[in-house]
Q: 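This structure is in structure tokens; I'll ask about it shortly.
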Amino acid sequence: MDVRILGGLSVRENGVSITPTAAVPRQLLALLTASADQVVPVTVLTEELWPSGAPRGARAELHAHIAGLRALIADALRGTGPADPRNGWSDRRTADAVLVSQPGGYRLDTGGGAHDVWQFERAAGAGYRAMEAGDLPRAALRLGEALALWRGDPYAGVAAGPRLRREIERLETSRLSVLDQWLEAQLGLGRHAELVPELTGLVARHRTNEPLHAHLMAALLRCGQHDQALVVYERLRLALKAETGMEPSARLRRLQRSVLAGRHTGGRPALGFRVPTQYAPARPRLVPAGSVG
């Protein structure tokens, strides 16, 4: 099975799409992919599909959607679809073995296939370890590989209930964390001039993200553009004030003072900005198994 969710839901079995077009079964499959190879309790599935409370007959409707997904899987396992059964059934997998009924829930069995979230987390973990070891070239490479797996917003085009929304938020937080570390590695490798255009676009989309603004300020400073770095700080300050009522963190304020000192003395201020703990998301968990838009 090939599962892709980092930019729209795409699930393929035996090389054939099993992604439903109807909204509810699509949402159901999305939640199963979020916990692929693990049992998802029926209570979790019903909470996702009916967050305001399961209606009468919800269990029967859920079972009907499960049966519909299995029908898609069965067609994929035939290899050519229901209209041409000449290729016969797979001798190793059946629809019931792919979408497995277990006590209290269901499990989507990937059969050891690919899952882009697992690939992202493996590459991110390797990148984080390289950062901790001080191997900036390897860190930039592996973190860049992790970011390149993103094609857009996670689960784009899927109606998200409470469970999927939490998973989407987790993934977006992980992506921002990886992006932050990739930018730090790139700056450490002296690629500040190359980063300025990309960072300018990123801070325009993430108007209150302090780490991104700090990286842009650092890149501008290393390009000798002190005034532009101060403009970036001021825009962040105004955006934070308008959206949260708060001022930039103490570390950002120290960075601003460093910019001012560098401008007045004509020197290059010491940077060394690290992401404050409250802004640094938890690193993605390691599991077996572009830039932010």
Side-chain angles (χ1 to χ4, degrees), residues 124 127-148 150 172-244 246-284 290-293:
Y128 284 131
R129 290 190 293 272
M131 285 292 287
E132 289 169 356
D135 187 347
L136 295 184
R138 179 169 174 78
L141 174 66
R142 298 311 306 273
L143 295 168
E145 289 172 353
L147 293 170
W150 288 72
E172 290 285 13
T173 297
S174 293
R175 176 163 61 161
L176 282 171
S177 178
V178 171
L179 177 62
D180 165 69
Q181 291 292 289
W182 178 80
L183 290 166
E184 186 168 322
Q186 295 287 347
L187 286 170
L189 291 168
R191 296 169 182 164
H192 39 275
E194 303 167 33
L195 290 176
V196 168
E198 182 171 2
L199 278 165
T200 299
L202 285 168
V203 300
R205 291 192 292 274
H206 299 273
R207 297 175 60 248
T208 59
N209 184 290
E210 289 202 6
L212 290 178
H213 283 75
H215 287 312
L216 178 55
M217 291 175 68
L220 288 168
L221 278 170
R222 292 171 184 181
C223 292
Q225 301 179 36
H226 297 73
D227 290 341
Q228 290 88 335
L230 291 172
V231 168
V232 169
Y233 176 86
E234 185 61 18
R235 286 176 179 164
L236 170 66
R237 189 187 69 79
L238 292 174
L240 283 171
K241 193 73 172 176
E243 296 187 22
T244 70
M246 299 175 64
E247 291 289 329
S249 68
R251 293 192 178 191
L252 258 293
R253 295 197 298 273
R254 284 198 294 272
L255 180 57
Q256 182 216 23
R257 290 195 293 272
S258 182
V259 176
L260 289 169
R263 184 177 66 170
H264 293 319
T265 63
R268 178 169 143 174
L271 298 176
F273 178 86
R274 301 290 298 184
V275 181
T277 301
Q278 66 267 35
Y279 295 107
R283 292 179 177 179
S291 299
V292 173

Q: Any side-chain heavy atom of Leu179 within less than 4.5 Å of one from Ser177?
A: no
Q: Keeping Ser258 on the side-chain end and Arg254 on the backbone end, is there a donor-acceptor pair under 3.5 Å?
A: no
Q: I need the minimum non-hydrogen distance between Arg207 and Leu236, along with the two atoms involved.
A: O-CD1, 3.6 Å
Q: Which pair of non-hydrogen atoms, one from Ala139 and one from Gly127, has the smallest distance, and what is that distance?
A: CB-O, 3.7 Å
Q: Nearest 0.5 angstrom please: Gln181 CD to Leu176 CG, how far?
A: 12.0 Å
Q: In Å and rounded to the nearest 0.5 Å, what is the OH to CG distance from Tyr233 to Leu260?
A: 9.5 Å
Q: Within this structure, what is the OG1-NZ distance for the pair Thr208 and Lys241, rounded to the nearest 0.5 Å?
A: 14.5 Å
Q: Please report the C-alpha distance between Met131 and Leu143 in whole Å, then the side-chain angles of each, then the deciding distance to 0.1 Å, and finally whether the side-chain contact (heavy atoms from CB on, under 4.5 Å) criterion is met.
A: CA-CA 10 Å; Met131 285 292 287; Leu143 295 168; 4.2 Å; yes
Q: Hey, could you give me the CD/SG distance between Glu194 and Cys223, rounded to the nearest 0.5 Å?
A: 10.0 Å
Q: Any Lys/Arg nitrogen of Glu132 or Arg129 sitting under 4.0 Å from an Asp/Glu carboxylate oxygen of the other?
A: no
Q: What residues form a salt bridge (charged side-chain N to carboxylate O under 4.0 Å, His left out) with Glu234, not counting sequence neighbours?
A: Arg237
Q: Under the side-chain contact (heavy atoms from CB on, under 4.5 Å) rule, what do Val231 and Arg235 come out as? Steps first, then yes or no, please.
A: CA-CA 6 Å; Val231 168; Arg235 286 176 179 164; 3.7 Å; yes
Q: Just to verify, which of Leu220, Leu216, Val232 counts as forming a side chain to side chain contact (heavy atoms under 4.5 Å, CB included) with Leu199?
A: Leu216
Q: Measuring from atom NE2 of His213 to atom CG of Leu252, what distance do you get when rounded to the nearest 0.5 angstrom?
A: 9.0 Å
Q: Can you tell me how far the NE2 atom of His215 sits from the NE2 atom of His192, to the nearest 0.5 Å?
A: 15.0 Å
Q: So do Pro137 and Asp135 actually touch side chain to side chain, heavy atoms under 4.5 Å?
A: yes
Q: Could you tell me if the side chain of Leu212 sits less than 4.5 Å from the side chain of Leu183, heavy atoms only?
A: yes
Q: Hey, is the main chain of Pro248 close enough, under 3.5 Å, to the side chain of Arg253 for a donor-acceptor pair?
A: yes
Q: I want to check something: taking the side chain as every heavy atom from C-beta on, are Leu187 and Arg222 in contact at a cut-off of under 4.5 Å?
A: yes
Q: Do Val259 and Leu221 have side chains that approach each other closer than 4.5 Å (heavy atoms only, starting at C-beta)?
A: yes
